Amino acid sequence: MNKFFSRILAALCAILPLVAVAQETVKIGIVGPFTGAFAVAGQSFKQGVEAYVALNGDQAGGRKVELVYRDSAGADPTLAKRLAEELVVKDKVAILGGFYLSPEVSAAAPVANASKTPLFIVNAATPSLMKLSPLFLRMGQAINQPAELAATYARQQGKSKGYVAVADYGPGHLVEQAFTAKFEAEGGKMVGNVRIPLNTADFAPFAERIANANPDVLQIFLPPGAASVGFSKALAARGLTTKVMIIGQGEAEDSDLPLFDDSIVGFKSIIYIDANATNPENVAFSNWLKKNVGPTVRPNSFHIGAFDGMHLAYKMLNDQAGKPFNGEAAVKALAGYSFKSPRGPVTIDPASRELVQNFYLREVVKGDDGQKRNRVVKTWERVQPVALK
């Protein structure tokens, strides 16, 4: 009998560590602008995260996943850094994610580096960010990519007189530089540019300057929401929406189209998502948003960045099932990893940790039902990022 109980005890001792691992909780910290001027983006972060957990469960690698959210309000990089520090030191998160603006990501880099914590960047798009930490993974794009594609496309369509109108902050300046350089390299001539302050309410003077320059293609880059709607109306009032090819990025996402009048029809944009894609991943994601957020809500870039960030977080945890989590090893193991996203096929580029992904040229159309939506006109498949130097 003693031998019998000894064997039972030995078996229990062997099983208990596995049970402990299975019951362990791992925390993922999400920093985003859940209040303030950029709250729409922060709420989309959260919805993307919650959609992934709802569709894939709350466990990965034998660990229960717990989400910890912190509000950066999208305004103060020092606050973003402090929140990242609190999440790592106090809340003991294993993975960080979110971060709306590039200065927030820059501020958080020392935290990720010192603690060896992977950080997936949902939105910030400054190309140089990836040099700041080997723990960074970008879930969006480098901001120059769609601007360069827009310049090439415009020249292919015979456009020769370019103009750029961007929000007057870092990413806007990068869009201006990228479009101008590519458009001129392709043989086009720039006839003007304007930088629009972020607090602008009256866009008529800017539309007037553009009209006077008489371009045949206009590249724009403005925050989504009130700024994009106001600028679109000002362009329409000067007849530019029917006279000039206008190309943007995320100014008129499908969920935002009800905010615009019909003058937005014909507006083109280049970005890495198609809200109306019929692949199984996007259909499941879209249905979750319709059911749980609202019947008119469609996937946007903030949603998908957070959704795919969670996919990579789960991948890292699954790869290290039964082991203490090692952030550096987790990120290195993702080099060359491919998966199916709502945005389409994605691969982690080993050299840059940027995404190899499709980009879509979309045009706003009005359907027979009277509803506006983005229709894909052209797809650039598996666009390669520029490797870090």
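Values in this document were obtained by computation on a predicted structure and should not be read as measured data.
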Audit row: R362, V377, side-chain contact (heavy atoms from CB on, under 4.5 Å) steps and yes/no:
CA-CA 5 Å; R362 311 171 308 176; V377 176; over 6 Å; no
Heavy-atom pair of closest approach, residues [X] and [Y]:
{"X": "Y360", "Y": "T379", "answer": "CD2-OG1, 3.5 Å"}
{"X": "A167", "Y": "L222", "answer": "N-CD2, 3.8 Å"}
{"X": "A207", "Y": "A234", "answer": "CB-O, 3.6 Å"}
{"X": "V356", "Y": "P385", "answer": "CG2-CD, 3.7 Å"}
{"X": "S133", "Y": "A112", "answer": "OG-CB, 4.3 Å"}
{"X": "I304", "Y": "S341", "answer": "CG2-OG, 4.2 Å"}

Does any part of the side chain of [Y], heavy atoms only, come nearer than 4.5 Å to the side chain of [X], both counted from C-beta?
{"X": "I247", "Y": "I220", "value": "no"}
{"X": "E50", "Y": "V53", "value": "no"}
{"X": "L355", "Y": "Q141", "value": "no"}
{"X": "L119", "Y": "L135", "value": "no"}
{"X": "I30", "Y": "V49", "value": "yes"}
{"X": "I28", "Y": "M310", "value": "yes"}
{"X": "F221", "Y": "P171", "value": "yes"}
{"X": "V105", "Y": "Y100", "value": "no"}

So, are [X] and [Y] salt-bridged, with charged N and O less than 4.0 Å apart?
{"X": "K332", "Y": "E328", "value": "no"}
{"X": "D58", "Y": "K64", "value": "yes"}
{"X": "D262", "Y": "K366", "value": "yes"}
{"X": "R343", "Y": "D308", "value": "yes"}
{"X": "R373", "Y": "E253", "value": "no"}

Over 12 non-hydrogen atoms of neighbours within 6.0 angstrom of NZ in K161:
yes
Answer yes or no: are there more than 12 heavy-atom neighbours, outside D368 itself, under 6.0 Å from its atom CG?
no
State, without any angle test, whether [X] and [Y] hold a side-chain donor-acceptor pair at a distance under 3.5 Å.
{"X": "S44", "Y": "N300", "answer": "yes"}
{"X": "D254", "Y": "N276", "answer": "yes"}
{"X": "Y52", "Y": "H303", "answer": "no"}
{"X": "R382", "Y": "T347", "answer": "yes"}

Side-chain ([X]) to main-chain ([Y]) donor-acceptor, under 3.5 angstrom:
{"X": "Q249", "Y": "P146", "answer": "no"}
{"X": "E104", "Y": "L101", "answer": "yes"}
{"X": "D256", "Y": "A252", "answer": "no"}
{"X": "S255", "Y": "R298", "answer": "yes"}
{"X": "N282", "Y": "A275", "answer": "yes"}
{"X": "D168", "Y": "P197", "answer": "no"}
{"X": "T200", "Y": "D202", "answer": "no"}
{"X": "K159", "Y": "M245", "answer": "no"}
{"X": "R353", "Y": "F136", "answer": "yes"}
{"X": "S232", "Y": "I264", "answer": "no"}

Between I196 and F203, is a side-chain contact (heavy atoms from CB on, under 4.5 Å) present by the stated rule, with each step listed?
CA-CA 8 Å; I196 303 171; F203 294 92; 3.8 Å; yes
Over-ring placement of K46 relative to Y69, 6.0 Å and 45° cut-offs
yes
Cationic tip of K315 within the cone over F339's six-membered ring, i.e. under 6.0 Å and within 45° of the normal?
no
Apply ring-ring contact (aromatic ring centres under 6.0 Å, His included) to residues F307 and F285 and explain how you reach the verdict.
CA-CA 9 Å; F307 187 92; F285 186 27; 4.5 Å; yes
Criterion side-chain contact (heavy atoms from CB on, under 4.5 Å) on M130 and I121, from CA distance to verdict
CA-CA 10 Å; M130 299 302 288; I121 305 168; 4.0 Å; yes
Using the rule that Ile, Leu, Val, Met, Phe, Trp and Tyr join whenever any side-chain heavy atoms are under 4.5 Å apart, tell me whether I273 and V175 fall into a single cluster.
yes
Honestly curious: do V164 and F267 fall in one hydrophobic cluster under the side-chain, below-4.5 Å linking rule?
no
Any chance you could measure [X], atom [atom1], to [Y], atom [atom2], to the nearest 0.5 Å?
{"X": "I348", "Y": "S338", "atom1": "CD1", "atom2": "OG", "value": "8.5 Å"}
{"X": "I95", "Y": "T117", "atom1": "CD1", "atom2": "OG1", "value": "9.0 Å"}
{"X": "L312", "Y": "F120", "atom1": "CG", "atom2": "CZ", "value": "8.0 Å"}

Please report the C-alpha distance between S106 and L129 in whole Å, then the side-chain angles of each, then the deciding distance to 0.1 Å, and finally whether the side-chain contact (heavy atoms from CB on, under 4.5 Å) criterion is met.
CA-CA 7 Å; S106 297; L129 285 177; 3.3 Å; yes
Which residue pairs satisfy the salt bridge (charged side-chain N to carboxylate O under 4.0 Å, His left out) criterion with at least one member in residues 208-224, sequence neighbours excluded?
E208-R238
Going by the salt bridge (Lys or Arg N to Asp or Glu O under 4.0 Å) test, name the single residue among K268, K378, K372 that passes it with E363.
K268
Using the rule given for salt bridge (Lys or Arg N to Asp or Glu O under 4.0 Å), can you reason through R138 versus E354, listing the C-alpha separation, both sets of side-chain angles and the distance that settles it, and then say yes or no?
CA-CA 5 Å; R138 197 188 324 255; E354 302 267 15; 2.7 Å; yes
